[in-house]
Amino acid sequence: MTTGSGQYEAQKIVNAAGAWGDEIAQLAGLPKIGLTPFRRSVARLSAPGGQAVQGWPMLFGPGERWYAKPDAGGLIVSLAEETPSPPMDAWAHDIDLAEALSRYQDYVTEPVTRPVASWAGLRTFAPDRNLVLGPAPQDDSFVWCVGQGGYGFFTAPAASQLVADTVVGNKPDYSADILAELSPSRFLD
Ligand SMILES: Cc1cc2nc3c(=O)[nH]c(=O)nc-3n(C[C@H](O)[C@H](O)[C@H](O)COP(=O)(O)OP(=O)(O)OC[C@H]3O[C@@H](n4cnc5c(N)ncnc54)[C@H](O)[C@@H]3O)c2cc1C
């Protein structure tokens, strides 16, 4: 691999490039999975009425048209949007934040003033919306670890163990059915 800081060689490469996963595969001469990054944005509000919200449940509007949940002592509010995007350093669009806060405001008594922070990121899904974990069928030295969608934090302990086992040659601690549902081989024509 040639990088800006020199050349490197390794027996295995783990492709954990998130939204850029398909681009990295193509650099390695391998076919794309067909990943789609979707932008989702979030605004953080101070805790309503200064309450201790840490133990509050996640709140959903009807049809998941918005959600709010405790974060860093306040509440994050999102439109729960899935806007397709090329791989990029995504940013929150004002219209998405405004729409999310307007929908949230319709259901709560505390007036929304100004967000204390806002951000957006890309939730990247495979065509079947399952994670893609395991060696490429065309070249087992290239190990996919992508397609976490909106669940990359929740799934990280199990997914990283599976990928680590794959790379060092240990037998993964999952049934053949589960491994098949996660395997990049499922996208072979
Ligand atoms: C608003 C929002 C809310 C979310 N909420 C949750 C949640 O509650 N729970 C949950 O589990 N998940 C949540 N997620 C999803 C979670 O953020 C992702 O699933 C997770 O970040 C994916 O991790 P990753 O390491 O695979 O990819 P990324 O976090 O995208 O990391 C990939 C990294 O690879 C780098 N990279 C790419 N190409 C190259 C290259 N050529 N050279 C070097 N570096 C490269 C990128 O810069 C990036 O840092 C949320 C996402 C968003 C946007």
Side-chain angles (χ1 to χ4, degrees), residues 1-10 12-30 32-45 53-61 64-101 103-104 115-134 136 142-164 166-167 182 184:
M1 183 166 58
T2 303
T3 76
S5 59
Q7 290 203 333
Y8 300 88
E9 282 184 23
K12 305 259 182 186
I13 291 180
V14 177
N15 178 13
W20 289 265
D22 273 342
E23 277 69 12
I24 295 296
Q26 293 209 294
L27 285 174
L30 294 171
K32 296 181 183 183
I33 293 285
L35 301 171
T36 307
F38 294 98
R39 188 181 71 244
R40 175 166 293 184
S41 44
V42 163
R44 187 186 305 122
L45 303 175
V53 297
Q54 290 92 324
W56 283 20
M58 191 168 180
L59 314 171
F60 289 97
E64 205 177 332
R65 294 182 71 242
W66 59 269
Y67 69 79
K69 63 179 181 178
D71 181 81
L75 284 184
I76 53 172
V77 180
S78 175
L79 193 54
E81 82 273 24
E82 292 195 341
T83 308
S85 165
M88 64 161 66
D89 193 5
W91 69 93
H93 293 214
D94 286 350
I95 189 67
D96 292 335
L97 299 176
E99 186 66 38
L101 294 172
R103 292 183 189 181
Y104 164 83
V116 291
S118 64
W119 72 93
L122 297 175
R123 302 161 74 252
T124 299
F125 289 91
D128 61 5
R129 294 176 81 96
N130 262 357
L131 278 73
V132 186
L133 305 174
F142 186 92
V143 179
W144 288 88
C145 179
V146 298
Q148 290 88 345
Y151 313 100
F153 308 149
F154 301 149
T155 54
S160 54
Q161 184 66 58
L162 197 169
V163 170
T166 303
V167 169
L182 297 170

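Just so you know, ligand 1 is whichever comes first in the structure, and atom 1 is the first atom listed for that ligand.
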Quiz item: ligand 1 versus K69, non-hydrogen atoms closer than 4.0 Å: side chain, backbone, both, neither?
Solution: side chain
Exercise. Starting from the C-alpha separation in whole Å, work towards a yes-or-no answer on side chain to side chain contact (heavy atoms under 4.5 Å, CB included) for T124 and W20.
Key: CA-CA 9 Å; T124 299; W20 289 265; over 6 Å; no
Quiz item: Among protein heavy atoms, which lies nearest atom 3 (C) of ligand 1, and at what distance?
Solution: Y67 OH, 4.3 Å
Practice problem: Taking only heavy atoms of A16 into account, list the atoms of ligand 1 that are under 4.0 Å away from them. | Solution: 32 (C), 34 (O)
Practice problem: Determine if the distance from atom 48 (C) of ligand 1 to the closest protein heavy atom is below 4.0 Å. | Solution: no
Quiz item: Which residue holds the protein heavy atom closest to atom 46 (C) of ligand 1, what is that atom called, and what is the gap in Å?
Solution: W20 CZ3, 3.9 Å
Quiz item: Does the protein place any heavy atom closer than 4.0 Å to atom 24 (P) of ligand 1?
Solution: no
Practice problem: Please indicate whether W56 has more than 12 foreign heavy atoms, meaning atoms of other residues, nucleotides or ligands, lying under 6.0 Å from its CH2. | Solution: yes
Practice problem: Please work out whether any backbone atom (N, CA, C, O) or any side-chain heavy atom from C-beta onward of R123 is under 4.0 Å from ligand 1, and answer side chain, backbone, both or neither. | Solution: side chain
Quiz item: Taking it one step at a time, do F125 and T36 satisfy side chain to side chain contact (heavy atoms under 4.5 Å, CB included)?
Solution: CA-CA 5 Å; F125 289 91; T36 307; 5.6 Å; no
Quiz item: Quick one: does atom 51 (C) of ligand 1 have a protein heavy atom under 4.0 Å from it?
Solution: yes
Quiz item: Are any non-hydrogen side-chain atoms of F154 and Q148 less than 4.5 angstrom apart?
Solution: no
Self-check item: V42-ligand 1 polar pair, N/O distance under 3.5 Å
Solution: no
Quiz item: Do any N/O atoms on Q148 end up under 3.5 angstrom from N/O atoms on ligand 1?
Solution: yes
Practice problem: Would you tell me which option among P37, A159, S78, G150 has the nearest heavy-atom contact to atom 10 (C) of ligand 1? | Solution: G150
Self-check item: Student check: side-chain heavy atoms of R39 and D96 closer than 4.5 Å
Solution: yes
Quiz item: Under 3.5 Å, is there a donor-acceptor pair between the side chain of R103 and the main chain of R65?
Solution: yes
Quiz item: Taking N or O atoms only and a 3.5 Å limit, does I24 qualify as a polar contact for ligand 1?
Solution: no
Quiz item: Short N/O distance, under 3.5 Å, between G152 and ligand 1?
Solution: yes
Quiz item: Between E82 and R129, is the closest basic N to carboxylate O distance under 4.0 Å?
Solution: yes
Practice problem: With heavy atoms of G121 as the reference, note each atom of ligand 1 found under 4.0 Å away. | Solution: 53 (C)
Quiz item: Purely on distance, is any nitrogen or oxygen of F153 under 3.5 Å from one on ligand 1?
Solution: yes
Quiz item: In terms of the angle between their ring planes, are W144 and F142 parallel, tilted or perpendicular, with boundaries placed at 30° and 60°?
Solution: perpendicular
Quiz item: From atom 13 (C) of ligand 1, is the closest protein heavy-atom distance below 4.0 Å?
Solution: yes
Practice problem: Indicate whether atom 32 (C) of ligand 1 is within a distance of less than 4.0 angstrom of some protein heavy atom. | Solution: yes
Quiz item: Side chains of I13 and Y8: closer than 4.5 Å at any heavy-atom pair?
Solution: no
Quiz item: Which residue holds the protein heavy atom closest to atom 9 (N) of ligand 1, what is that atom called, and what is the gap in Å?
Solution: F154 CZ, 3.3 Å
Quiz item: Is at least one protein non-hydrogen atom found at under 4.0 angstrom from atom 29 (O) of ligand 1?
Solution: no
Quiz item: Got V146 and D22 here, is their nearest side-chain heavy-atom distance under 4.5 Å?
Solution: no
Quiz item: Is any heavy atom of the protein nearer than 4.0 Å to atom 39 (C) of ligand 1?
Solution: no
Exercise. Only heavy atoms count here, so choose which of A17, A156, G4 is nearest to atom 37 (C) of ligand 1.
Key: A17
Quiz item: Do L97 and P115 touch side chain to side chain, with heavy atoms closer than 4.5 Å?
Solution: no
Quiz item: Does NZ belonging to K32 count more than 12 external heavy atoms closer than 6.0 Å?
Solution: no
Practice problem: Check whether any side-chain N or O of S78 sits under 3.5 Å from a backbone N or O of S41 as a donor-acceptor pair, and report yes or no. | Solution: yes
Quiz item: Relative to the heavy atoms of G149, which atoms of ligand 1 are at a distance of less than 4.0 Å?
Solution: 15 (C), 18 (C), 19 (O)
Practice problem: Measure from atom 44 (N) of ligand 1 to the protein's non-hydrogen atoms and state whether any distance is below 4.0 Å. | Solution: no
